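For reference, the structure is listed below as structure tokens.
On a predicted model such as this, the values are computed, not experimentally measured, just so you know. FYI, the numbering just counts along the sequence from 1.
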Amino acid sequence: MSETAVKAPGVPDAGRWKALVFIALAQLMVVLDATIVNIALPSAQQDLGISDGNRQWVVTAYALAFGGLLLFGGRIADLWGRKRTFVTGLAGFAVASALGGAATNEAMMFGSRALQGVFGALLAPAALSLLAVMFTDAKERAKAFGIYGAIAGGGGAVGLILGGFLTEYLNWRWTFFVNIPFAIVAAAGAYLVIREPQGGRNRSPLDIPGVILSTLGLVSLVYGFTRAESNGWSDALTVGMFVAAAVLLLAFVIVESRVKAPLLPLRVITERNRGGIYLSLGLAIIAMFGLFLFLTYYLQVVKGYTPVKTGFAFLPMIAGMITGSTQIGTRLMTRVAPRLLMGPGFLVAAVGMLLLTQLEINTSYAGVLLPGMLLLGLGMGTAFMPAMSMATMGVEARDAGVASAMVNTSQQVGGAIGTALLNTIAASATTSYVADHIGGATSRSQQQLVQLQGQVQGYTSAIWFAVGILVAAAVIALTFINAGRPGGTTVTGSAAGDGVEGELPVPVVAH
């Protein structure tokens with residue numbers, strides 16, 4: 001990288017707000033991709049002749065590569081430079097998206113999705129760690145992470161709208177091709193305006209045993225949950241995957257505690273505040289991912305909404321997230337302790353989720369769904385903003401990439417768990433309800449009604465679990481996270497360590 005691409009440590013980067021635009025654009029592309037493909041999946045399956053048994057691999061191939069390689073991607077960003085990793089990730093993601101859009105058979109589709117996951121794992125931690133090292137003033141940091149948090153939270157719902165439009169009015173292939181202009185603009189902008197601080201690299205040799213153990217462990221864990229959703233929790237391979245994941249991740253922790261240059265320095269996750277954030281954020285994502293799935297099915301299957309109308313139905317949630325993140329979270333971040341935003345934020349989201357447990361076949365959108373989604377978005381947006389900021393605050397500059405990767409890992413693993421766990425609960429409740437009530441249905445229309453009522457019963461049963469999970473996330477945030485408010489202070493970054501002056505007691509670990 002040329003000398004013009006770096007800046008002296010401690011000096012705010014003049015182009016940091018322009019850089020935020022391109023970093024946010026890249027983040028939007030990655031988050032959009034998580035939901036936009038789901039909308040297009042039925043059309044793509046039909047066109048490419050993918051069987052019902054294999055269609056899950058369109059989603060699973062991406063999730064396995066992305067989730068499994070995130071820690072490696074974060075370490076590459078610290079070693080190779082965040083700007084270079086970010087631009088490479090964008091370029092690769094664009095190529096993989098072009099292959100997906102041009103897919104002529106299922107093998108090409110699955111391969112392109114896995115490739116998207118590989119480059120996404122480079123891109124996502126590099127984006128968050130760039131923000132961490134570029135925005136060092138507490139108030140500016142709050143604004144930057146407010147915008148980033150809103151995109152991270154609301155992008156998935158935007159994907160539903162965009163995916164609906166593209167699938168309904170153009171072709172499913174455009175749900176892949178749409179990534180290409182996003183990636184080109186973000187990469188060109190990042191190349192021109194991002195100037196990374198000097199001295200923030202971690203040039204230690206790559207921890208190969210750590211890379212292998214963490215990748216295999218996370219892939220086993222994500223695949224275990226994905227398989228549990230389709231084959232059941234007692235399936236031999238599902239159980240085997242969970243056992244393998246436990247053994248591999250335990251071995252990973254042991255290796256990381258002993259090697260000289262670990263892939264994931266344990267100081268990153270054992271610090272009380274960051275540990276609390278990774279755990280509470282992961283739990284909140286479990287609840288949220290499951291809800292996205294159920295509401296999409298409820299609106300399309302039970303209420304008969306089109307894909308586009310379904311996307312628009314999620315708008316109150318997006319509005320709530322943007323308001324919570326950029327208005328409430330950003331304004332209060334420098335005035336109150338982070339736990340007093342995260343804890344109440346998760347509780348407000350739980351109240352919104354509680355409203356959605358009242359769903360029935362003929363439930364009014366304006367009466368139940370609208371206020372429920374608004375409260376859910378408001379609470380999540382308020383909690384996401386300090387979580388994203390605190391996850392990398394006080395971390396050593398050389399660990400910024402891997403700390404950012406842990407945020408993404410908790411979200412990715414949380415998403416896999418949420419989809420599998422809540423889907424299983426819903427399916428079980430539906431089966432039980434239908435078995436109990438189908439005997440009294442004499443006509444075909446009555447049987448169809450019982451089936452629909454069974455589906456709604458399944459959704460509400462799972463949403464009750466999601467309410468409990470959000471309450472648990474709030475309790476963890478309120479008890480684990482004990483950092484004070486940042487105030488009007490500056491977060492300083494260097495290779496020696498990132499200290500936080502003022503009221504935020506995040507320790508700098510000596511080496």
Side-chain angles (χ1 to χ4, degrees), residues 20 23-24 27-28 30-32 34-35 127-128 131 135 139 141-161 277 280-292 295 311 313-356 369-393 407-408 410-411 414-415 418 466-467 469-471 473-474 476-478 481 486:
L20 175 63
I23 292 169
Q27 173 65 11
L28 179 62
V30 172
V31 177
L32 279 177
T35 50
L128 187 55
L131 287 191
F135 289 89
K139 287 186 177 177
R141 187 182 176 93
K143 284 181 186 175
F145 277 91
I147 293 165
Y148 188 87
I151 289 169
V158 175
L160 294 170
I161 298 174
I277 280 163
S280 60
L281 198 58
L283 284 171
I285 293 292
I286 288 175
M288 189 138 181
F289 259 65
L291 184 80
F292 265 144
L295 280 185
F314 278 96
L315 277 177
M317 193 186 292
I318 301 172
M321 279 183 178
I322 292 170
T323 303
S325 190
T326 61
Q327 299 304 310
I328 301 172
T330 300
R331 291 173 189 274
L332 296 181
M333 179 69 183
T334 54
R335 300 179 188 178
V336 300
R339 68 179 181 277
L340 298 180
L341 285 173
M342 288 182 67
F346 288 139
L347 289 175
V348 168
V351 171
M353 199 81 90
L354 196 61
L355 276 175
L356 296 172
L369 286 157
L370 176 65
M373 286 199 280
L374 199 57
L375 285 172
L376 185 66
L378 205 61
M380 285 294 202
T382 301
F384 270 16
M385 189 262 139
M388 291 289 183
S389 179
M390 281 289 297
T392 51
M393 190 179 280
V407 179
N408 287 288
S410 66
Q411 290 178 307
V467 171
I469 291 168
L470 278 176
V471 171
I476 288 167
L478 289 167
I481 300 165

Ignoring hydrogens, what is the shortest heavy-atom contact between A284 and A473? Give both atom names and the distance.
N-CB, 4.3 Å

Would you mind reporting whether L281 and F384 have side-chain heavy atoms less than 4.5 Å apart?
yes

What is the minimum heavy-atom distance between M373 and A313, and which atoms define it?
CE-O, 2.8 Å

Note: G343 and A474 closest approach over all heavy atoms is O-CB, 3.5 Å

Would you mind reporting whether L340 and L332 have side-chain heavy atoms less than 4.5 Å apart?
no

Is there a side-chain contact between T382 and V348, using heavy atoms and a 4.5 Å cut-off?
no

In terms of heavy-atom contacts, L478 and P344 come closest through CD2-CD, 4.3 Å

Without swapping roles, check the side chain of S325 against the backbone of I322 for a donor-acceptor pair under 3.5 Å.
no

Roughly how far, to the nearest 0.5 Å, is CG of L375 from CG of L355?
6.5 Å

What's the spacing between I469 CD1 and S280 OG if we round to 0.5 Å?
13.5 Å

Answer yes or no: is there a side-chain heavy-atom contact under 4.5 Å between V471 and M353?
no

Using 0.5 Å steps for rounding, measure from the CE atom of M342 to the CG atom of L347.
11.5 Å

Taken to the nearest 0.5 Å, the spacing of L378 CG from T323 OG1 works out to 6.5 Å

Decide yes or no for F346 and I476: does some side-chain heavy atom of the first lie under 4.5 Å from some side-chain heavy atom of the second?
no

Let me confirm one number: the CG-CG distance from L376 to L354, rounded to the nearest 0.5 Å.
11.5 Å

So which atom in I286 and which in G414 form the shortest heavy-atom distance, rounded to 0.1 Å?
CG1-O, 3.2 Å

Separation between CE (M288) and CE (M321), nearest 0.5 Å, reads 2.5 Å

Using every non-hydrogen atom in the two residues, find where P316 and L370 come nearest and quote the distance to one decimal.
CG-CD1, 3.2 Å

